[in-house]
Amino acid sequence: MSQVIRSPKMYDVCVIGSGAGGGTAAKILTEGGLSVALIEAGPPVYPEKDFKMLMWPYELPHRGIGVGGRAAENFGEFLAPNGAWDIEGEPYTSAPGSNFQWFRSRIVGGRTNHWGRIALRFAPIDFKSATRDGLGDDWPIAYDDLSPYYDKVESYIGVFGTRENVSSAPDGMFLPPPKPRCTDLIVKKACDKIDVICIPSRLAILTKSVNGRLPCHYCGQCGRGCVTASNFSSSQVMIPPAMKTGKLTMITGAMAREVILGKDGKAEGVSYIDKATRTEKRVNARAVVLAASACESARLLLNSKSPQFSNGLANSSGAVGKYLTDSVGSDGWGIIPQLEKMPPHNHDGVGGMHMYIPWWKFDRKNDFPRGYHIEFGGGRDMPGVGEFNDLLHEEEGYGATLKKRARQTYGTGIGMAGRGEMIPNPDTYCEIDPSVVDKWGIPVLRFHFKWSEYEIRQAKDMQETFRAIIEAAGGEYKTKTPLGGERPFGIAEGGKIIHEVGTARMGSDPKSSVLNGFCQAHDVKNVFVMDGAPLVTNPDKNPTLTIMALAWRASEYLLDEAKKGNL
Ligand SMILES: Cc1cc2nc3c(=O)[nH]c(=O)nc-3n(C[C@H](O)[C@H](O)[C@H](O)COP(=O)(O)OP(=O)(O)OC[C@H]3O[C@@H](n4cnc5c(N)ncnc54)[C@H](O)[C@@H]3O)c2cc1C
Ligand code: SF4
């Protein structure tokens, strides 16, 4: 890899990564007239071939569970392609005492090919929560700065929901929601009994046609990718309009290694490994947008060393890799015997929850800071391999009796997942591992991760609430969680909720932050970061809608600055 092949062409912008943030940047920048080279580590995605929306279990080897059941860990072979906890030849490490899990995708569109499409706005308080409780830091921008961009993203990608006026869950530009399913109504009734707010969910799925994309036909299989592009993925919704401008050059199979700094202190391009030829190549550009996902962008910055930045590009603050958070997660489930009497009926809908529970205790004193929301689901989805594992553990017998019991209980379970806010702490960060490199010779990340008492108390509250709701619905709560150990109250390992953010946070003070409020590096003004890395807090709301709103806003700013000749 000693010979670097330089492309003579000079692009206006080089974007690294084509997921939620990179796809948005590519669309806005090319539509604004700039030439963009998009470097993407994975291959292109071909929905007709790659998305398994309308396949039967028997059409895949091992019915979609993979050899030895191994695909189950990565959400099954049915699910949208090329995402995994472990990528062959591309390791990451956890420091002793830490166990961080990092789900990565290597394909055009990144993890937006797989995501749950839950599209929630952060609330005004989420940008200023430190002022309220003294924990962490405030954002340098406020909700009102981002609100017009939430409007733009929602109107463009299509998000269903209802206007509810709940202060922890701001309303947006919504398409009509799908009807509640019978399990939704059961949970809603139980929530009403115990004073918990339960409302229609907000998902990036079309219930009406938007910009020529067809509305959902309710096959319930969003996780497999949608061949009709009725749900949002960057690969189907952001990249095509960028391609249409004629201004986008996609370079796939290209693993960015570092951002190159010129003598004038500005970035002059990106060096990457062409995976097909294993050669190192370079793209020259007037500005660079890192959007390779929060931790990968931190890795790129840390690996971009120069005499000016011996600790990594744009890292004079030392904040790159720090302030890492994931969502607090704890799950549980219960059985609702009343559902055994429900005649079999078509329970399909969108491939995700029709209702959810936003954070409802925002006006009370709780024994943990911030809050969480609850995602829930149940009923008669298409059964997959392993569907009856729990039943087989619980029931004696075999043959007709066991089958009868399986039919009776099938669809009577309701699962709940709490998703809450973690406060950044000094024991949680990523850095370059001093001795491990990937198969391209690029130094990898080493993670440090620790939950604090705040998050553990939140997980305890989640478990108590799940039980209260299931019992109010007349059901039996089945989940048992330990009080201590590595995962008290079932708190998920760090990274497991796949909402890792904060590793190049924005701020008004260049001494403690990497970026300004427009996702532009304080230290190098033609470098921007447009994925989850700029987020200052990680509220209970899933981050992707905010990543796209920030990227849209930052891209408009970049266009403006480019026009003024400021980059
Ligand atoms: C199963 C699942 C369910 C989820 N559900 C939700 C949900 O319901 N709601 C929600 O808000 N979020 C959800 N998420 C999280 C969501 O997918 C991410 O927040 C979002 O995709 C992050 O966008 P991104 O642009 O930062 O990165 P990504 O979407 O991960 O895209 C990064 C891109 O960069 C490329 N890349 C990485 N490294 C390099 C490199 N060195 N060189 C070149 N290219 C590179 C990757 O191949 C990828 O295409 C879910 C994630 C998963 C996996
Ligand atoms: S449920 Fe709707 S959006 Fe999801 S895959 Fe099926 S048609 Fe597409």
Side-chain angles (χ1 to χ4, degrees), residues 15-25 38-43 45 51-54 74-75 79-80 82-85 87 90 102-120 158 178 201-207 213-235 238 251-258 270 272-273 275 290-297 299-300 303 327 348-353 375 419 438 440 442 497-501 529-535 541-548 551:
V15 176
I16 308 173
S18 62
T24 306
L38 201 164
I39 297 183
E40 167 52 54
V45 62
F51 291 171
K52 303 180 180 67
M53 182 172 80
L54 297 178
N74 295 320
F75 310 109
L79 291 210
N82 287 33
W85 294 105
I87 298 178
E90 297 188 31
W102 190 17
F103 190 95
R104 293 165 294 169
S105 297
R106 295 282 182 262
I107 193 157
V108 170
R111 291 177 293 181
T112 65
N113 294 301
H114 328 250
W115 73 313
R117 276 89 188 175
I118 299 168
L120 304 174
S201 57
R202 286 123 187 225
L203 264 58
I205 295 175
L206 304 187
T207 50
R213 287 163 57 212
L214 289 173
C216 171
H217 52 259
Y218 302 116
C219 71
Q221 299 300 339
C222 286
R224 296 177 172 194
C226 184
V227 174
T228 55
S230 307
N231 61 24
F232 174 79
S233 66
S234 173
S235 43
M238 294 299 189
I251 308 174
T252 52
M255 185 75 190
R257 190 171 62 79
E258 69 174 297
V270 175
Y272 69 91
I273 312 297
K275 290 180 171 180
L290 291 98
S293 79
C295 296
E296 187 72 29
S297 288
R299 178 187 179 202
L300 277 159
N303 275 333
S327 294
D348 292 347
V350 302
M353 58 191 192
E375 302 165 7
R419 299 290 180 254
D438 66 11
W440 319 110
I442 308 172
I497 307 302
I498 323 180
H499 292 163
E500 72 289 347
V501 304
V529 184
M530 299 194 197
D531 46 31
L535 275 64
K541 274 71 67 173
N542 318 42
T544 309
L545 188 74
T546 300
I547 292 174
M548 289 194 269

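Each residue takes its place number in the sequence, starting with 1. In listed order, ligands and their atoms are each counted from 1.
Contacts between Arg104 and ligand 1, counted as non-hydrogen atom pairs separated by less than 4.0 Å, are absent for every part of the residue. Heavy atoms of Ile16 found under 4.0 angstrom from ligand 1 belong exclusively to the side chain. If you look at Gln221 next to ligand 2, the close heavy atoms, those under 4.0 Å, all belong to the backbone. Counting heavy atoms under 4.0 Å from ligand 2, residue Arg224 does not touch it at all. Proximity of Trp115 to ligand 1, defined as any heavy-atom pair under 4.0 Å, is shared by backbone and side chain alike. Residue-level proximity to ligand 1 for Ala119 is absent, since no heavy atom of it falls below 4.0 angstrom. Looking at Arg111 against ligand 1, both its backbone and its side chain come within 4.0 Å, counting heavy atoms.
Looking only at heavy atoms of the protein, atom 6 (Fe) of ligand 2 is closest to Cys219 SG, 2.4 Å. Given atom 46 (C) of ligand 1, the protein heavy atom at minimum distance is Ser105 O, 3.2 Å. Remark: minimum distance from atom 38 (N) of ligand 1 to any protein heavy atom is reached at Glu296 CG, 2.9 Å. Gly116 N, 2.8 Å is the protein heavy atom nearest to atom 5 (N) of ligand 1. The nearest heavy-atom contact from the protein to atom 9 (N) of ligand 1 is Ile118 O, 2.9 Å. Of the protein's heavy atoms, Gly19 CA, 3.4 Å lies nearest to atom 31 (O) of ligand 1. Protein heavy atom closest to atom 1 (S) of ligand 2, with residue, atom name and distance, is Gly220 N, 3.2 Å. In this structure, the protein non-hydrogen atom closest to atom 40 (C) of ligand 1 is Ala256 N, 3.6 Å. Among all protein heavy atoms, the one lying closest to atom 35 (C) of ligand 1 is Glu40 OE1, 3.5 Å. Residue, atom and distance of the protein heavy atom nearest to atom 52 (C) of ligand 1 are Ile498 CD1, 3.8 Å.
Against a heavy-atom cut-off of under 4.0 Å, Gly351 is close to the following atoms of ligand 2: 1 (S). Which parts of ligand 1 touch Gly110 is read off a 4.0 Å heavy-atom cut-off, strictly below it: atoms 29 (O), 31 (O), 48 (C), 49 (O). Every atom of ligand 1 with a heavy atom of Ile39 under 4.0 Å away is listed here by number and element: 43 (C), 44 (N). Close approach to Gly532 involves these atoms of ligand 1, each under 4.0 Å from a residue heavy atom: 26 (O). Close contacts of ligand 1 with Gly17, meaning ligand atoms under 4.0 Å from a residue heavy atom, involve 33 (C), 34 (O), 35 (C). Counting the atoms of ligand 1 from 1 in the order shown, those under 4.0 Å from a heavy atom of Asn542 are 7 (C), 8 (O), 9 (N), 10 (C), 11 (O). Those atoms of ligand 1 that come under 4.0 Å of a heavy atom in Asp531, given as number and element, are 26 (O). Near Met53, meaning under 4.0 Å from any of its heavy atoms, are these atoms of ligand 2: 5 (S). Annotation for ligand 2: atoms under 4.0 Å from non-hydrogen atoms of His217 are 2 (Fe), 7 (S). Counting atoms of ligand 2 from 1 in the listed order, those under 4.0 Å from a heavy atom of Ile205 are 3 (S). In the vicinity of Arg117, heavy-atom distances shorter than 4.0 Å reach the ligand 1 atoms 7 (C), 8 (O).
Contact check on Glu296 versus Arg106 returns a salt bridge, with a Lys/Arg side-chain nitrogen under 4.0 Å from an Asp/Glu carboxylate oxygen. Salt-bridge check for Arg299 with Glu90: failed, with every basic side-chain N at 4.0 Å or more from each acidic carboxylate O.
Interatomic distance, CG of Leu203 versus CZ of Arg117, reported as 9.0 Å (0.5 Å rounding). Rounding to the nearest 0.5 angstrom, the gap separating the CG atom in Asn542 from the NE2 atom in His499 is 4.0 Å. Separation of atoms OG (Ser230) and NE2 (His217) is listed at 6.5 Å; rounding is to 0.5 Å. Expressed to the nearest 0.5 Å, how far CD of Glu258 lies from CD1 of Ile442 amounts to 9.5 Å. Here Arg419 contributes atom CZ and Lys541 contributes atom NZ; the two are 15.0 Å apart, rounded to the nearest 0.5 Å. Atom OG1 in Thr252 sits 10.0 Å away from atom CD1 in Ile107 (nearest 0.5 Å).
Using a 4.5 Å cut-off on side-chain heavy atoms (C-beta onward), Thr207 and Pro178 make contact.
Using modelled atom types, one side-chain atom of Asp531 and one backbone atom of Ala292 make a donor-acceptor pair closer than 3.5 Å.
With atom 18 (C) of ligand 1 as the reference point, the heavy atom nearest to it among Thr544, Asp438, Ile107 is part of Thr544. In this comparison of Ala254, Pro543, Ala20, the heavy atom closest to atom 23 (O) of ligand 1 sits on Ala20. Of all the listed residues (Ala229, Cys216, Gly223), Cys216 holds the heavy atom that lies closest to atom 2 (Fe) of ligand 2. Residue Gly21 holds the heavy atom nearest to atom 25 (O) of ligand 1 of all those in Ala292, Ala41, Ser18, Gly21. Nearest to atom 4 (Fe) of ligand 2 by heavy atom, out of Gly225, Cys222, Cys226, Pro215, is Cys222.
At a 3.5 angstrom cut-off on N or O pairs, Phe103 does not count as close to ligand 1. Residue contacts with ligand 1: His114 is placed with no nitrogen or oxygen under 3.5 Å of a nitrogen or oxygen of the ligand (distance criterion only).
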